[in-house]
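FYI, side chains are in, hydrogens and waters are out, and symmetry mates aren't considered; it's all heavy atoms of this structure. Bear in mind the structure is a predicted one, so any value in this text is a computation, not a measurement.
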Amino acid sequence: MGDQDLTDVAHFLWEAGTLKNARRTGWWMAGVRDPESVAEHAWRTSVIASVIATLEGADAARAAHLAVWHDSQETRTGDVNHLGKKYAAAADPEAVTEDQTAGMPEVLRSAVRAVVAEYEAKETPEAICARDADKLECMLQGLEYKAQGYSSAQRWIDNSRARIVTESGQRLADELLAQEPLGWLRAVMHEKS
């Protein structure tokens with residue numbers, strides 16, 4: 001490893017940081033002026049993926065790893081919402097990842113490409129859990145936005161809930177739908193609802 005050129009790896013680390021500023025654009029249609037960033041979405045998706053995978057008996061670390069990388073291509077493509085995809089051909093995540101990793105050392109290049117390919121193939125239990133986590137995170141974000149007064153977020157809540165396939169993901173979705181965003185704080189503080 002000592003003699004490998006890490007210039008392109010360093011470049012990618014700078015590039016990955018742009019996801020902290022890239023907004024999830026679909027929320028603009030719900031009236032949300034400053035929606036969460038792609039990086040914020042990916043972080044909570046990774047946490048949720050580890051939870052679902054653990055409950056489903058899958059490899060939690062692997063599911064979280066898949067979720068970390070699931071939107072990494074958006075450094076190059078931006079976050080294209082579903083309406084935008086109707087008019088512009090969606091970029092192939094594996095092709096974008098191939099370009100992003102082209103100059104990286106082989107060990108890293110093949111590892112990142114394999115993670116993205118596994119997520120996109122939707123076949124392993126970990127990929128299924130990570131994909132469910134992506135939907136559950138969107139639903140959860142929608143519930144938070146709705147509680148902030150964005151009633152149009154209901155569309156995202158309903159669409160996301162309908163796309164969750166694992167039993168654990170579905171049960172978590174139902175539990176989240178039965179709660180309010182600050183219910184956890186009230187419970188910790190032993191306050192009555």
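Taking all atoms of both residues into account, the shortest heavy-atom contact from Ala67 to Ala130 is N-CB, 4.2 Å. In plain terms, the two heavy atoms of Ala60 and Ala53 that are nearest each other are CA-CB, 3.7 Å. Among all heavy-atom pairs drawn from Ala49 and Ala133, the shortest one is N-CB, 3.3 Å. The shortest non-hydrogen separation linking Ala58 to Pro125 is CB-CB, 4.0 Å. Shown here for Trp156 and Met29, the closest heavy-atom pair between the two residues is CH2-CB, 4.0 Å. Heavy-atom minimum distance, Ala91 versus Val96: CB-CG2, 3.9 Å.
In this structure, the separation between CG on Asn81 and OG1 on Thr25 is 4.0 Å, given to the nearest 0.5 Å. Expressed to the nearest 0.5 Å, how far CD1 of Ile52 lies from CZ of Arg131 amounts to 13.0 Å. One distance of note links CD1 of Ile157 with CD of Glu144; it measures 10.0 Å at 0.5 Å rounding. For the atom pair CH2 of Trp28 and CG of Leu83, the computed distance is 13.0 Å after rounding to the nearest 0.5 Å. The distance from the NE2 atom of His82 to the CG atom of Asn159 is 8.0 Å, given to the nearest 0.5 Å.
Checking His41 against Glu137 by side-chain atom types alone, a donor-acceptor pair falls below 3.5 Å. Checked by atom type, the side-chain pair Glu175/Gln179 shows a donor-acceptor distance below 3.5 Å.
Taken together through direct or relayed side-chain contacts under 4.5 Å among Ile, Leu, Val, Met, Phe, Trp and Tyr, Met139 and Ile48 form part of one hydrophobic cluster. Leu140 and Val47 fall into different hydrophobic clusters, where Ile, Leu, Val, Met, Phe, Trp and Tyr are joined by side-chain heavy atoms under 4.5 Å apart, directly or via other members. No continuous path of ILVMFWY side-chain contacts below 4.5 Å connects Leu13 to Trp69, so the two sit in separate hydrophobic clusters. Follow the hydrophobic side-chain contacts under 4.5 Å out from Leu19 and you never reach Trp43; the two are in separate clusters. Taking hydrophobic clusters as Ile, Leu, Val, Met, Phe, Trp and Tyr residues chained together by side-chain heavy-atom distances below 4.5 Å, Val80 does not share a cluster with Tyr87.
In this structure, the side chains of Asn21 and Ser37 stay at 4.5 Å or more apart for every pair of heavy atoms. Side-chain atoms of Met104 and Phe12, non-hydrogen and from C-beta on, do get closer than 4.5 Å to each other. Ser160 has its side chain out of reach of Leu136: every pair of non-hydrogen atoms, C-beta onward, lies at least 4.5 Å apart. A 4.5 Å side-chain heavy-atom check between Tyr145 and Pro35 finds at least one atom pair inside the cut-off.
A donor-acceptor pair under 3.5 Å is absent between the side-chain atoms of Gln154 and the main chain of Ser151, judged by distance alone. Checked by atom type and distance alone, the side chain of Thr124 pairs as donor or acceptor with a backbone atom of Ala127 at under 3.5 Å. When atom types are taken as modelled, the side chain of Arg23 and the backbone of Val38 share no donor-acceptor pair closer than 3.5 angstrom. For Thr97 (side chain) and Val116 (main-chain N/O), no donor-acceptor pair under 3.5 Å exists by modelled atom type. Side-chain atoms of Asp71 do not come within 3.5 Å of backbone N or O of Glu74 as any donor-acceptor pair. Without hydrogens or angle criteria, Asp132 side chain to Ile164 main chain gives no donor-acceptor distance under 3.5 Å.
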query: Can you list the steps and then say if Leu172 with Leu55 is a side chain to side chain contact (heavy atoms under 4.5 Å, CB included)?
result: CA-CA 10 Å; Leu172 278 169; Leu55 294 171; 4.2 Å; yes
- prompt: Checking side chain to side chain contact (heavy atoms under 4.5 Å, CB included) for the pair Arg24/Glu40: CA distance, chi angles, key distance, verdict?
  reply: CA-CA 10 Å; Arg24 303 232 324 135; Glu40 290 166 320; over 6 Å; no
- prompt: After noting the C-alpha distance and the side-chain angles of Tyr119 and Asp134, does the key distance pass the side chain to side chain contact (heavy atoms under 4.5 Å, CB included) rule?
  reply: CA-CA 11 Å; Tyr119 181 84; Asp134 182 38; 3.8 Å; yes
query: Passes side chain to side chain contact (heavy atoms under 4.5 Å, CB included), Trp27 versus Gln141? Steps please.
result: CA-CA 10 Å; Trp27 292 115; Gln141 186 64 64; 4.1 Å; yes
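Between Arg76 and Asp99, at least one side-chain N (NZ, or NE/NH1/NH2) sits under 4.0 Å from a carboxylate O, which counts as a salt bridge. Ion pair Lys20/Glu36 not flagged as a salt bridge, since none of the NZ, NE, NH1 or NH2 atoms sits closer than 4.0 Å to an Asp/Glu carboxylate oxygen. The existence of a salt bridge linking Glu180 and Arg186 is confirmed by a sub-4.0 Å separation between a basic side-chain nitrogen and an acidic carboxylate oxygen.
Each salt bridge (Lys or Arg N to Asp or Glu O under 4.0 Å) pair with one or both residues in residues 152-167, not counting sequence neighbours, appears once here: Arg161-Asp174. Residue pairs that meet the side-chain hydrogen bond (donor to acceptor under 3.5 Å, both in side chains) test with at least one member in residues 51-68, sequence neighbours left out, are Glu56-Ser168, Arg62-Glu118.
Within a 6.0 Å radius of NZ in Lys122, no more than 12 heavy atoms belonging to other residues, nucleotides or ligands are found.
Test Arg113, Arg109, Glu15, Gln73 against Gln100 for side-chain hydrogen bond (donor to acceptor under 3.5 Å, both in side chains) and you get one pass: Glu15.
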